[in-house]
Structure formats: structure tokens, C-alpha cells
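Some notes on the structure that comes next.
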Protein chains: 2
Amino acid sequence: MDEPRRPSSLHGTSHPGKIPGATRKGTETRARIIKGALEALENGGMEALTTRKIAASAGVRLATLHYYFDNKESLLLAVLEDLIADMAEAYQADIPASHDPQERIETVIRSMWRYVQRTRNKQLAQTELTLYALRTQGADWLAARQYNAYIDFYSKLIFDGMGEISEDKKQIGTAVARFMLIGIDGLILQNFALHNDGDTNEGVETLIIATQDLVRRLQAEARLAAG
Amino acid sequence: MDEPRRPSSLHGTSHPGKIPGATRKGTETRARIIKGALEALENGGMEALTTRKIAASAGVRLATLHYYFDNKESLLLAVLEDLIADMAEAYQADIPASHDPQERIETVIRSMWRYVQRTRNKQLAQTELTLYALRTQGADWLAARQYNAYIDFYSKLIFDGMGEISEDKKQIGTAVARFMLIGIDGLILQNFALHNDGDTNEGVETLIIATQDLVRRLQAEARLAAG
DNA sequence: GTCTATATGTGGATAGAC
DNA sequence: GTCTATCCACATATAGAC
């Protein structure tokens, strides 16, 4: 109804202003800006996030920021892209040793939850960015990518390294991962709002049990179907 | 590190600029502004939300807005307060007829989910406001209030009207409501990001079963403890 | 209590030297 | 590729008439 919106915004997402980023040093600067933006976002939140603060936080002049990114929007989306790309290593979760999915689920959820609590502001920042992507037309695919990355990540943590993954296992893994993600997201919001760690821990336990039950059920169904 | 932040912001939350709101017509205008703010927020999102758009959306002049609210922040928080206050009637969920908690859980989650899907933008707006409150220092109590309101609401939907509510039932109700809320919040985010309704519906079914199992387990525990 | 008009600040973005 | 300096639109907020 009122948004002018320049058509180049989508394409400006993943590459710098003109043609840079190809240069060795330039790539580093670009990365510094992204890192600075994330830092500023973690501290002050979306509402207070300005390009000036980002530049300061990154140790870069305002003009430099605009040399690497067409506009604020493309920078913000690049931050989210970066978060997605680095997700797996950020959680530094090795695939659990046990070959029992039930045990793995417990291990994964617990370590996940510890990480979330250690990085409260990062989680808030990420949630704000996701909402932002959902609100920015032409950028909701990014939110989808993020969720698929998490689902894939969880799924691998639960079933990988246990011989060949059958089609059945893959489907079960995806469904289970989706449910785990639902739970973790819900827990994050509720814990940050109520910051009653005792009650939230109860939620974690409930989620573990529920997820384990889900696996059991899906496996039983698959066994039946296979005959 | 850098926020000036006027000390009156907290108190400006729930009452207008000077002393108004006491006048019959004044209260209506105040309500119109809040409604307009919510509408503008639902359509454009936080990032694009300006006081001018709010005023326009409310059919009020910009100065009028500032007559009723000290600043943008206090208006935004008032919107969230309003959302909390009207929550119960918004969901227009009567207490289900059945006296079986298991059935009630299913009914409540399903109708809840239908409502959520009908009001996607409202849910996004509410989530954005919650994040905003969490980020606004001195306002996170509002986020807590919101969650407690939901927990209370769900809890009542599941156990009310079934004779006197024992202490046991109350505790169980709260724990169950908390878990339902976790699930619904997680579902909202995931569905809006992936907008794959098929997969999300699977999540709804899983949540119903998991919640029902939780009630069973908690009731069994309570029975054991009672001897 | 609501309006018109305006002050004041700050944000995103660009020009152009180096 | 990074800087200094600056433009300009627009956002929040206020003054003061009605």
C-alpha cells in the first residue's frame, strides 16, 4: 500500500555493494561488520539498532558499512544468513556417542538447553532477526532456510552414524527434529519472559519425555508398515 | 552504556499524558489509538511502525496521540497491556463441555490452533511486542504478566467447572498449561517460518498427545503421593 | 480534548578526497 | 577500500490557538 521498496534489495542480500568481497582483505571487513551488527543487536535490540551503532561496534566508519552493503536491510539479512551458516559449529555439538536414539534425544536437548541459557541475548537477537525476515517481503525464505537448517541439524544429531539411514529413519528424524525445535523455541520464549528457571527445567524434562515417546511411536508405526 | 532513558517511562505505561482518561470521551479516544497502533503493527511490523502511521490508522492527529501517551514506548506497552486484558475474550473459548481433561486438552489445542491460523498477523504483532517488552528495560514484567495470563487461561480451560479444584489439580493445571503454551508458541514460529501447514498439523497432533500423556503422568504421581 | 504548525534531533545514505 | 563531510528525509515530540 505504501512501501516503495527498491527492487535490488533481494539480490543485495548476499553480496556487497559493488563488486567487492572478492578482495582478500575486503572479505574480512565484511565479516567484521556482520559480527559488529550482531553484537550491537544482542546488546540493544532491534528497536535501538542503527547503522551508526553497528559501524562503531564493528570499528568501521559509517561509509565503509555502506560500501559493503547496499542498505540496512541487506546487512540485517546477511547477519541472519551468517547465523544460519555458522549454526552447527556455534552449538559445537558433536554427534552423541550412544547409538540409542532415546539417549541421544536426552543428551541433545539438555546440551542445547544449556547453550541457549548461556547465550540469552544471542537467542533474543536471533528471534528478532527471524521476525524481521518474516516481516520483510521477499525475505521470508530466509526464515524458512533457518528452520530447515535446524531441523536438518537436529535430525543428524539423533540418527547419524548409525549405519545407512533408511527412508523410514530419515522421515522419523525429520518429524522428531521438528517437534524438538517446536519445544526449544517455545521454551526459549517462556523462559525469557518468566525467567523462572525451575519451572522451565520442568518443561525441559517434559519435552525430553515427549520427544522420546514420539520416536517410540513413529518407530512402532514404521515397523508395522514394513510388516 | 548510552541510553539516556527518561525515568518516567515506566509510570507512563498505563495512564495518559497529563490526567485525562478520566473523561468519558477521552477514554474512547485512548482506546481508538491503541486499536490503531495494533492495526498498524499487524500490517507493517515493528520496523515500519511510526507514530504518524499509528495516528493515521487511528483516525487521530499526531498531537492527539501525544496528548494521551507520553511517548511511543508507553503507547506500545499499553498496546501489549490491552492485548493481555482482552486475551480471554479474543480467543472466545468457552470452557469445553466435557469433564474429561484429556478431551478438553484436545479441544482446546485444536481451537487455539485454528484461531492462531486465522490471525497470523496478530500473532506476529504480539510476538514482536513481547520481544520489545523483553528488550525494554523496566518493562519485562509485562512479558511475564502476559505469559502468566495465558497459563492461567489454559489452566482454567482444562480443569475449571469440575467441582472444587484441589491443590493437586491446580498444580497439575499450571504445569500442563505451561507445556501447552510452550508447544503453541513453538508451533506459531515454525508454522510462520515454514508455512507448511501439513507438517505443522502433524506437530499439533503430537502436541495433543504429549500434553495428554503429561496429564496422565502427573495425575498418576499425585495419586501415588496421596496414597 | 483536538487541532495546525513547527521545533529538533537523528537516521540512512551519498559525494568525493585520499 | 576507507575515510571526512554532508545531504535530506522523516521521526518523535512540543507550542499554542481553538
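None of the values given here were measured: they were computed from a predicted structure. The chains referred to below are lettered A, B, ... by the order of the sequence lines, with proteins before strands, and numbering in each begins at 1.
- Listed nucleotides: D:dA13, C:dG11, D:dC3. Nearest to the side chain of B:N71: D:dA13.
- Rounded to whole angstrom, the span from the NZ atom of A:K72 across to the C1' atom of C:dT10 amounts to 12 Å.
- Nucleotide D:dT14 holds its P atom 17 Å from the OH atom of B:Y68, rounded to whole Å.
- The two residues A:R135 and B:E42 have their closest heavy-atom pair at NH1-O, 3.0 Å.
- Out of C:dA15, C:dG12, C:dT4, the shortest distance to the side chain of A:T50 is found at C:dG12.
- Between the P atom of C:dG12 and the CD atom of B:E47 lies a distance of 9 Å, rounded to the nearest Å.
- Checked by atom type, the side-chain pair A:T130/A:Q146 shows a donor-acceptor distance below 3.5 Å.
- Phosphate proximity of D:dC3 to A:T64: present, with a side-chain N or O under 4.0 Å from OP1 or OP2.
- Here the closest heavy-atom approach between residue B:T64 and residue B:I33 is recorded as O-CD1, 4.2 Å.
- Spacing between atom CG of A:L62 and atom P of C:dT10 amounts to 15 Å, rounded to whole angstrom units.
- When rounded to the nearest whole Å, the span between CZ of A:R30 and P of D:dT2 equals 13 Å.
- Side-chain N/O atoms of A:R52 include none lying less than 4.0 angstrom from OP1 or OP2 on C:dT10.
- In this structure, B:T29 reaches the C:dT2 phosphate: one of its side-chain N or O atoms is under 4.0 Å from OP1 or OP2.
- One atom, CZ of B:R61, and another, C1' of C:dC3, lie 8 Å apart when rounded to the nearest Å.
- Regarding A:D70, its CG atom lies at a distance of 9 Å from the P atom of C:dA13, rounded to whole Å.
- Atom CE in A:M46 sits about 11 Å away from atom P in C:dG12, given to the nearest Å.
- When the nucleotides D:dT2, C:dT14, C:dT2 are ranked by their closest atom to the side chain of A:Y67, D:dT2 comes out on top.
- Residues A:D185 and A:Y150 have side chains that never bring a donor and an acceptor to within less than 3.5 angstrom of each other.
- A residue-by-residue look at B:L49 and A:G59 shows that A:G59 has its nearest nucleotide of DNA chain D further toward the 5' end.
- In terms of phosphate contacts, B:H66 brings no side-chain nitrogen or oxygen within less than 4.0 Å of OP1 or OP2 of D:dT14.
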Determine, stepwise, if the pair B:N191 / B:D197 fulfils side-chain hydrogen bond (donor to acceptor under 3.5 Å, both in side chains).
CA-CA 7 Å; B:N191 183 240; B:D197 288 346; 3.1 Å; yes
